[in-house]
S.K.: 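Have a look at this one.
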Amino acid sequence: MGYPREEIELDSITVRLTMAQALVRYLCAQKTEIDGEVVPLFAGVFGIFGHGNVTCFAEALERVQEQLPTWRGQNEQSMALAAIGYAKSKKRRQLMIATSSVGPGATNMVTAAGVAHANRLPVLLISGDTYVNRLPDPVLQQVEHFGDPTLTVNDSFKAVTRYWDRIVHPAQIIQSLPQAIATMLDPADCGPAFIGIPQDTQELAYEYPEEFFEEKVWTIPRPRASVDQVIKAVEVLKTAKNPLIISGGGVRYSGAENVVAAFAKKRGIPMAETIAGKGAVCHNDPVYVGAMGIEGSEAARQLSETADVVIAIGTRMQDFTTGSWTTFPKDAQFININAARFDSLKHRATPIVGDALECVNELDAALGDWAAPAARMEQAKAWYKEWNDLLDEGQAPTNHEVPSYAQVIGIVNKTARAEDVLITAAGGLPGETIKNWRCKSPHTFDCEFGFSCMGYEIAGAWGHAMAMAGKGTPIVMLGDGSYMMMNSDIHSSVIAGHKMIVVVCDNGGFGVINRLQTGMGGAGFNNLLKDSRVVDRNNVRHVDFVKHAESMGAYARHCDSLADLEAAMEWAQTTDATTVISINSDAYTWTPGGADWYVAVPEVSPRETVNEARKGQEDFRKKQRHGV
């Protein structure tokens with residue numbers, strides 16, 4: 001078995017290891033530098049073992065558990081989401097691995113790969129695979145393609161990863177692993193990498209060169225911009241009377257937040273943020289005007305609708321940022337600063353391809369003494385004050401029996417410490433937190449809205465808790481729908497000792513998608529529990545989230561009022577393990593403001609309300625910019 005020493009032409013000292021053992025040894029040798037300290041590039045492994053990865057890969061991981069700790073997940077999707085949360089918290093500078101068996105364990109991670117791909121986040125996914133020799137075929141969990149025996153379920157990762165490989169010879173990892181890591185750490189190409197490891201390849205021994213396992217310290221490259229691109233951008237920006245900066249997630253990952261804020265202040269340009277970029281600066285920063293787009297502030301919308309030059313930094317300009325490309329004048333010019341050429345060219349922009357920090361510094365140096373007219377920032381501050389007054393009004397206590405999301409967020413925000421991190425994802429809470437959450441410190445907000453993945457919230461918070469290492473607490477806000485979608489990492493966090501605070505807003509189903517459904521003229525259908533097929537719509541049996549959380553080992557408390565919630569949040573800060581708080585919330589009251597959205601509405605319908613919504617969409621679409 002294996003590859004005997006005499007069959008290999010040896011030109012260096014070698015060590016005989018199985019492919020799985022060599023894979024683990026290589027991963028342990030990879031380092032990164034964070035704030036001047038050299039640390040492991042891979043901080044750990046989230047794993048659920050099955051026949052595809054337990055006998056060889058797990059055998060290798062067990063030997064190095066003090067160096068490369070393995071954490072037991074409850075669900076393959078959620079453990080990979082936890083790895084994504086970890087990478088976000090570490091600003092893509094330190095990574096986690098997620099490993100599954102072949103079959104359903106692997107396909108469970110495809111959704112998480114989609115999250116990482118859409119959000120440009122690094123995670124290394126390693127799954128077992130079927131036998132290369134095919135002698136025992138069809139094996140347990142194998143899907144057979146009659147016309148292509150090379151296909152396995154792992155091929156499904158190709159659509160949602162930046163790097164994909166299947167190791168069919170033990171020597172292949174020598175070339176594959178460095179390329180996978182380089183992809184994950186490349187600011188322009190960052191995303192998930194997938195490695196499939198067939199069971200009969202894992203077990204094979206091979207003479208690996210010793211130098212393959214030498215310690216390597218990886219650094220994140222900072223590509224500089226072309227001088228010609230900067231010169232052209234300066235020409236465009238100097239024509240601006242009403243400029244606007246849109247700061248995206250790339251600003252945070254570059255560590256450029258202070259540089260961008262200082263540039264905005266020096267040049268008198270209001271600074272808005274995308275969803276991924278929210279938290280680069282604090283809510284009260286003098287240049288800040290709130291988040292952009294559909295879930296954003298009225299101030300940012302007003303500024304974008306009057307902008308003549310938009311400087312988009314580190315953002316892919318998703319439709320929720322651009323209001324489906326309706327929030328800008330059709331003659332507005334764009335300067336797109338992005339490490340990815342693909343993003344820099346969108347909507348006929350003047351591109352600056354490179355690292356956000358370096359490019360903003362170079363743009364600043366080339367601008368001379370130019371600044372926007374003072375009236376632009378004065379108007380921005382006035383509009384932003386109006387927006388904050390609106391938030392204050394919406395968060396103020398009322399006599400309503402069931403509080404709104406805004407009121408609940410206001411209490412949670414008030415009781416959160418400056419170092420705590422708010423985490424949310426899908427449903428109504430992204431829009432409500434993006435509008436209502438006021439960051440007290442930079443990098444204390446994580447809304448997964450690139451893939452809008454229900455179930456990210458608790459799993460992602462587990463990863464954040466690991467990365468934060470007790471320096472603050474992750475605070476999860478999610479609806480009852482997302483909680484029911486994926487909650488088992490409450491138990492993971494309890495047994496692993498990674499505390500989080502989970503606030504469950506129970507609005508009786510999928511509240512925000514019901515809002516969209518009815519807002520586009522449709523009848524409430526299959527979203528709120530009362531509109532679904534249930535035994536008694538007038539007496540729907542709701543989940544007891546307190547009992548459920550307690551059954552997983554967490555502390556828990558239900559709140560009947562905002563006063564109860566404030567007391568519960570203060571109590572949750574004192575507990576020594578994950579704490580869950582539930583409160584009923586209003587499914588029909590939403591914070592106003594922000595841009596509109598391009599959605600499909602039937603061209604013809606027997607419902608007059610649908611026909612009216614269709615007419616509204618047609619009028620809305622006339623405002624769209626057409627770009628590439």
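Computation of the quantities below employed the complete heavy-atom set of this structure, encompassing side-chain atoms and omitting hydrogens, waters and symmetry-equivalent molecules.
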S.K.: In terms of side-chain heavy atoms, does Tyr163 have a donor or acceptor partner in Ser176 at a distance below 3.5 Å?
M.R.: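 Judged by distance alone, the side chains do pair up.
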S.K.: Assert yes or no for the condition that the ring centre distance of Trp462 to His491 is strictly below 6.0 Å.
M.R.: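 Ring centres of His491 and Trp462 not closer than 6.0 Å.
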S.K.: Taking all non-hydrogen atoms of both residues, which atom of Asn119 and which atom of Glu448 are closest, and how far apart?
M.R.: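 That closest heavy-atom pairing would be ND2-OE2, 2.7 Å.
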S.K.: With side chains defined as the heavy atoms from C-beta onward, is the minimum distance between Asn526 and Asp531 less than 4.5 Å?
M.R.: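 In short, these two side chains do not touch, never coming nearer than 4.5 Å.
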S.K.: Are the side chains of Leu345 and Asp343 in contact, using a 4.5 Å heavy-atom criterion?
M.R.: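 A side-chain contact is absent here, since even the closest heavy-atom pair is not under 4.5 Å.
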S.K.: Check the side chains of Gln94 and Tyr86 for a donor-acceptor pair under 3.5 angstrom, ignoring hydrogens and angles.
M.R.: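 Side chains of Tyr86 and Gln94: pair found under 3.5 Å.
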S.K.: Parallel, tilted or perpendicular for Tyr206 and Tyr208, by the 30°/60° rule?
M.R.: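 Rings of Tyr206 and Tyr208: perpendicular, over 60°.
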S.K.: Rounded to the nearest 0.5 Å, what's the gap from CG on Leu125 to OG1 on Thr161? Could you check?
M.R.: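 Between Leu125 CG and Thr161 OG1, I get 8.0 Å after rounding to 0.5 Å.
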S.K.: For the residue pair Arg222 / Ser254, report whether a side-chain donor-acceptor contact shorter than 3.5 Å exists.
M.R.: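 A donor-acceptor contact under 3.5 Å links the two side chains.
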S.K.: Give, for atom CH2 of Trp218 and atom NZ of Lys31, the distance between the pair rounded to the nearest 0.5 Å.
M.R.: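 Separation between the atoms: 14.0 Å.
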S.K.: Are the charged groups of Arg341 and Asp189 less than 4.0 angstrom apart, N to O?
M.R.: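 Result for this pair is no, no salt bridge flagged.
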S.K.: Kindly assign one of parallel, tilted or perpendicular to the pair His498 and Trp71, based on the angle between their ring planes and the thresholds 30° and 60°.
M.R.: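 Aromatic pair His498/Trp71 classed perpendicular.
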S.K.: Relative to each other, are the rings of Phe449 and Phe320 parallel, tilted or perpendicular (30° and 60° limits)?
M.R.: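 Rings of Phe449 and Phe320: perpendicular, as their planes differ by over 60°.
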S.K.: Any Lys/Arg nitrogen of Lys88 or Asp446 sitting under 4.0 Å from an Asp/Glu carboxylate oxygen of the other?
M.R.: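 Counted as a salt bridge, because a side-chain N and a carboxylate O are separated by less than 4.0 Å.
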S.K.: Tell me the closest heavy-atom pair linking Ser127 and Asn154, and the distance in Å.
M.R.: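 In terms of heavy atoms, the two residues are closest at CB-OD1, 3.9 Å.
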S.K.: If we only count heavy atoms from C-beta on, is the Met485 to Leu478 side-chain gap below 4.5 Å?
M.R.: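 Met485 does not reach Leu478 side chain to side chain.
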S.K.: Looking at the rings of Tyr483 and Phe545, which for Trp means the six-membered one, are their centres under 6.0 Å apart?
M.R.: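 So the answer is yes for these two rings.
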S.K.: Taking atom types as modelled, find out whether Thr18 and Glu203 have a side-chain donor-acceptor pair closer than 3.5 angstrom.
M.R.: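 No, because no side-chain N or O of Thr18 sits under 3.5 Å from a partner of the opposite role on Glu203.
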S.K.: Considering non-hydrogen atoms only, spot the tightest contact between Cys453 and Gln77 and give its length.
M.R.: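 That would be SG-NE2, 3.9 Å.
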S.K.: Go through the steps to decide whether Phe212 and Tyr26 satisfy the test ring-ring contact (aromatic ring centres under 6.0 Å, His included), and finish with yes or no.
M.R.: CA-CA 7 Å; Phe212 179 58; Tyr26 178 84; 4.5 Å; yes
S.K.: Does Gln142 use its side chain to pair, donor to acceptor, with the backbone of Val139 at less than 3.5 Å?
M.R.: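 Pair found, side chain donor or acceptor close to backbone of Val139.
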S.K.: With no hydrogens and no angle check, do the side chains of Ser100 and Glu76 hold a donor and an acceptor under 3.5 Å apart?
M.R.: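 No, because no side-chain N or O of Ser100 sits under 3.5 Å from a partner of the opposite role on Glu76.
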S.K.: Does NZ or CZ of Lys278 fall inside the cone over Phe445's six-membered ring, less than 6.0 Å from its centre and within 45° of the axis?
M.R.: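 Yes, a cation-pi geometry.
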S.K.: Is the CZ atom of Phe49 crowded by more than 12 outside heavy atoms at less than 6.0 Å?
M.R.: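 Atom CZ in Phe49 is crowded, with more than 12 foreign heavy atoms closer than 6.0 Å.
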S.K.: Is it true that atom NZ of Lys158 has more than 12 heavy atoms of other residues, nucleotides or ligands lying nearer than 6.0 Å?
M.R.: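 Atom NZ in Lys158 is packed in, count exceeds 12.
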S.K.: Please tell me if the side chains of Ile97 and Phe46 come closer than 4.5 Å, counting only heavy atoms from C-beta onward.
M.R.: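 With C-beta onward as the side chain, the pair stays apart.
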S.K.: Mind running salt bridge (Lys or Arg N to Asp or Glu O under 4.0 Å) on Lys216 and Glu211 for me, showing each step along the way?
M.R.: CA-CA 10 Å; Lys216 177 176 175 58; Glu211 56 262 41; over 6 Å; no
S.K.: Please give me the minimum heavy-atom distance between Asp155 and Thr150, naming the atom from each residue.
M.R.: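 The pair with the smallest heavy-atom distance is OD1-O, 3.9 Å.
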S.K.: Run the salt-bridge test on Asp129 and Arg166 with the 4.0 Å N-O cut-off and return the result as yes or no.
M.R.: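 Looking at Asp129 and Arg166, the cut-off is met.
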S.K.: Report yes if some heavy atom in the side chain of Val353 is under 4.5 Å from a heavy atom in the side chain of Asn338; otherwise report no.
M.R.: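 A side-chain contact is absent here, since even the closest heavy-atom pair is not under 4.5 Å.
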S.K.: Would you say Thr14 and Glu207 are linked by a side-chain donor-acceptor pair, where the criterion is simply a distance under 3.5 Å?
M.R.: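 The answer is yes; a qualifying pair exists.
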S.K.: Which heavy atom of Ile337 sits nearest to which heavy atom of Ala356, and what is that distance?
M.R.: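 In terms of heavy atoms, the two residues are closest at CG2-CA, 4.3 Å.
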S.K.: Under a 4.5 Å cut-off applied to non-hydrogen side-chain atoms, are Cys447 and Ile434 in contact?
M.R.: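 With C-beta onward as the side chain, the pair touches.
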S.K.: Under a plain distance cut-off of 3.5 Å, with no hydrogens placed, do Ser493 and Thr578 share a side-chain donor-acceptor pair?
M.R.: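 A donor-acceptor contact under 3.5 Å links the two side chains.
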S.K.: Mind checking whether Ser101 and Gln141 have side chains closer than 4.5 Å, heavy atoms only?
M.R.: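 They are in side-chain contact.
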S.K.: Ignoring hydrogens and geometry beyond distance, is a side-chain donor-acceptor pair present between Asp489 and Gln74 at under 3.5 Å?
M.R.: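 No.
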S.K.: Between Gly249 and Thr274, which heavy-atom pair has the shortest distance, and what is it?
M.R.: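 The pair with the smallest heavy-atom distance is N-OG1, 3.8 Å.
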S.K.: Could you tell me whether the side chain of Asn75 reaches within less than 4.5 Å of the side chain of Met486, counting heavy atoms only?
M.R.: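 Side chain of Met486 against side chain of Asn75, heavy atoms only: contact under 4.5 Å found.
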